[in-house]
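Remarks on the structure that follows.
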There are 2 protein chains.
Amino acid sequence: MTTRLSDIADEAGVSVMTVSNVMNGKRARVSPATIEKVLGIAARLGYVPNIPARSLAANSSHIVAALVPVGENNSLLVSPHTVAVVGGMETHLRHHGYHVLLRGIEHEDQVAQTIRGWSLDGVVLVEFPDEQIDRLRVDTVPLVAIDSYSANPRTIGVRSDDHGGGRLAGRRLADAGHRSVLFAGPPYQGMGVVGQRWAGFREACLEAGLDPDGVGSVEVLTSFEDGRRLGLRLRRDHPGVTAVFATADHLAVGIMAGIVEAGGSVPGDVSVIGFDDLDFARYTTPGLTTIAQNMPAKVAEASRIILDEIERGAAAGDREPVALDVHLVERGSVGPPRE
Amino acid sequence: MTTRLSDIADEAGVSVMTVSNVMNGKRARVSPATIEKVLGIAARLGYVPNIPARSLAANSSHIVAALVPVGENNSLLVSPHTVAVVGGMETHLRHHGYHVLLRGIEHEDQVAQTIRGWSLDGVVLVEFPDEQIDRLRVDTVPLVAIDSYSANPRTIGVRSDDHGGGRLAGRRLADAGHRSVLFAGPPYQGMGVVGQRWAGFREACLEAGLDPDGVGSVEVLTSFEDGRRLGLRLRRDHPGVTAVFATADHLAVGIMAGIVEAGGSVPGDVSVIGFDDLDFARYTTPGLTTIAQNMPAKVAEASRIILDEIERGAAAGDREPVALDVHLVERGSVGPPRE
DNA sequence: CTGAAAGCGCTAACAG
DNA sequence: CTGTTAGCGCTTTCAG
């Protein structure tokens, strides 16, 4: 029914190992004539390697798993950001003969279990909180953690320059003349993505001469709805504020909508600046001024590291985390302060 | 190092087979006492089954692949729609012990190759053109094709009621008083998704008494930019048109932007209606009136079918394709015709 | 209810 | 450059 190595070997009059070597590109060990004959027969018979068999024998699956924590409803988080990461990695890895297993993680232990059970060759952690990454103990496999600032030496962090992004936003607002600004982001612990952005933002504002009291922050979940609610109550709860920096475009767009719904205007009454440069940032009126991440570079870097580590075999060695550049995209939601 | 079935068997003083049966829930064949003992040891030793070994022996991997065609740049298409499908399927399948392999397909033949090579248990085709699905010859595995209208009896189509969605849009515009409307969608062949929407749209418009000359169509790629360009030249190229139905929200939002950029207003000068109800449909000004697909239901249905077919073993049997309900979401981009 | 034998298709390691 | 020998860890089959 399906063609096996032994079928090809029989027909070519060589051993199974020779065929295996040919099929795996270890051609240094085989004569050109044999190679050609084997390849010809393989093509004619429509040989397709059996991945499970290879994985079992070689104890390596050529699979890289994209692990994503599941939310309360047990369903996968599928933010545009996650999507870009997973989709992009698949492309890169496929071109190098690797495959992507997409898996939601319900409990921390499943990370190690998945690695062992599947003989994974590499792992990409997407959207994992740093505290969880800190706790991971895995040393058999390269582990890239997207957007992680964890100090866990077993993992390699790949993220954008969040601190620099925060600075860009702060400087932009300060340069426009704002003296009372607000940072809006989700609750966080330690110096993760959100902490970095806030620190950079604050730093740039203070450098530009803003009074510390003029640089506030507020905790909001990262959704359009939560942003909208913040926008609605902004004037009442933060009467002096003339500009808001939101850690996510979804949030920023919601804030804009709330402000307008409450009778204000953007950027007339309040300026808004976001983070991510998602596609819809240009669909709003005005367009959303935002800090753009270089997603293709982030994905390429993560893939490169994974493949690299797989090559040189396990033991990550002390590889430095990677921070990708960010830049400001001007669209119209930032203007001078009101009055 | 890693725990195997034989380790547990040794310690429990039973055979490997008994342990295997316990681990696979075939507990009818094992005495309660043995079950408990085995389970206890397995838990203590941290047993994790080896998936490749199981796949090889059982010739079945518990893997369902999500296959997505790759574009020109060889990278995965990751529309919000695809994302919802793949993410949602992962959730459902995970709860039933299955895993998701995400794979970009560069060439048709890779579909069959992937199925064989991985001993896949099921396949979901996402965003495949019907012509390609027509050509597939696979009879070993359940094959669900999302949004397909292919008549290929080996595949089971799961899609929204596109014809009904088109009708809803047509009726809405006709009811608002429009007499000259335009359908905007990508080039298509046969009666696929786009063809269905167009047919439904046209049908509803004619039923409502519009003149056939008043129901036009134009080919545009499905992107914000292409929509914007259409919006910009709308007044010149289609001077009498007072409403546009776009087959995708991305496109619709672009059209709105183009119209406004050209000095017109929505819905003052031109009404716009979209399809999909993506998250950003509410971020625009005005919000986009659109036909909403029931994505959770679509995903649930696709998962249910796959699991069902896997259970009853191959041979799809003549299962009817599934069409999910759609509904109109009113947001403000549709109004009465100008003048 | 339990076990022994055989083998899934492939590759590592070494010998020639 | 090529072949042989041993499995990888699990399940299927059939016999107790």
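These numbers come from the heavy atoms of this one structure, side chains and all, not from hydrogens, waters or symmetry mates. Lettering follows sequence order; numbering is per chain, from 1.
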Practice task
For A:Trp118 and D:dG9, give me the distance from atom CH2 to atom C1', rounded to whole Å.
Solution key: 15 Å
Practice task
Measure the CG-CG distance between B:Leu125 and B:Leu143 for me, rounded to the nearest 0.5 Å.
Solution key: 4.5 Å
Fill in the blank from the handout: Atom NE2 of B:His62 and atom C1' of D:dC10 are separated, to the nearest Å, by 13 Å
Practice task
Ignoring the backbone of A:Tyr47, work out which of D:dC10, D:dT4, C:dC10 is nearest its side chain.
Solution key: C:dC10
Handout entry: Side chain proximity check, B:Leu5 to B:Tyr47, heavy atoms < 4.5 angstrom
Key = yes
Exercise for the section: Can you figure out which of D:dC10, D:dG3, C:dG3 approaches the side chain of B:Met17 most closely? Expected result: C:dG3
Exercise for the section: Mind calculating the distance between CG (B:Asn50) and C1' (C:dC8) to the nearest angstrom? Expected result: 13 Å
Fill in the blank from the handout: Of B:Val14 and B:Ala58, the one whose closest nucleotide on DNA chain C sits nearer the 5' end is B:Val14
Practice task
Describe the nucleic acid contact of B:Asn59 in one word from base, sugar-phosphate, nothing, applying a heavy-atom distance below 4.0 Å.
Solution key: nothing
Handout entry: Contacting residues from residues 4-11 of chain A, given that a heavy atom lies under 4.0 angstrom of DNA chain C
Key = A:Arg4, A:Leu5
Problem - From B:Leu136 atom CG to B:Glu131 atom CD, the distance as rounded to the nearest 0.5 Å - result: 11.5 Å
Problem - For atom CD1 of B:Ile51 and atom P of C:dC10, their distance in whole Å - result: 20 Å
Problem - Heavy-atom side-chain proximity of A:Tyr188 to A:Val193 below 4.5 angstrom - result: no
Fill in the blank from the handout: Considering only heavy side-chain atoms of B:Thr18, the closest of C:dT11, C:dG3, C:dC8 is C:dG3
Completion exercise
Considering only heavy side-chain atoms of B:Ala57, the closest of C:dC10, D:dT4, D:dG9 is D:dG9
Handout entry: Side-chain touch B:Arg304/B:His92, heavy atoms, less than 4.5 angstrom
Key = no
Handout entry: Whole-Å distance separating the CZ atom of B:Arg54 from the C1' atom of D:dT12
Key = 15 Å
Exercise for the section: Select base, sugar-phosphate, or nothing to describe what B:Val16 touches, counting heavy atoms under 4.0 Å on all strands. Expected result: base
Handout entry: Whole angstrom value for the distance that separates C1' of D:dC10 from CG of A:Leu56
Key = 8 Å
Problem - Note, B:Met23 side chain near B:Ser20 side chain (heavy atom, < 4.5 Å) - result: no
Exercise for the section: Send over the distance from A:Glu36 CD to D:dC1 P, rounded to a whole Å. Expected result: 15 Å
Fill in the blank from the handout: Ranking D:dC8, C:dG3, D:dC10 by distance to the side chain of B:Ser15, first place goes to C:dG3
Handout entry: Short side-chain N/O contact to C:dC10 OP1/OP2 from A:Ser20, under 4.0 Å
Key = no
Practice task
With rounding to the nearest 0.5 Å, note down the distance linking CG in B:Asp121 to NE2 in B:His99.
Solution key: 11.5 Å
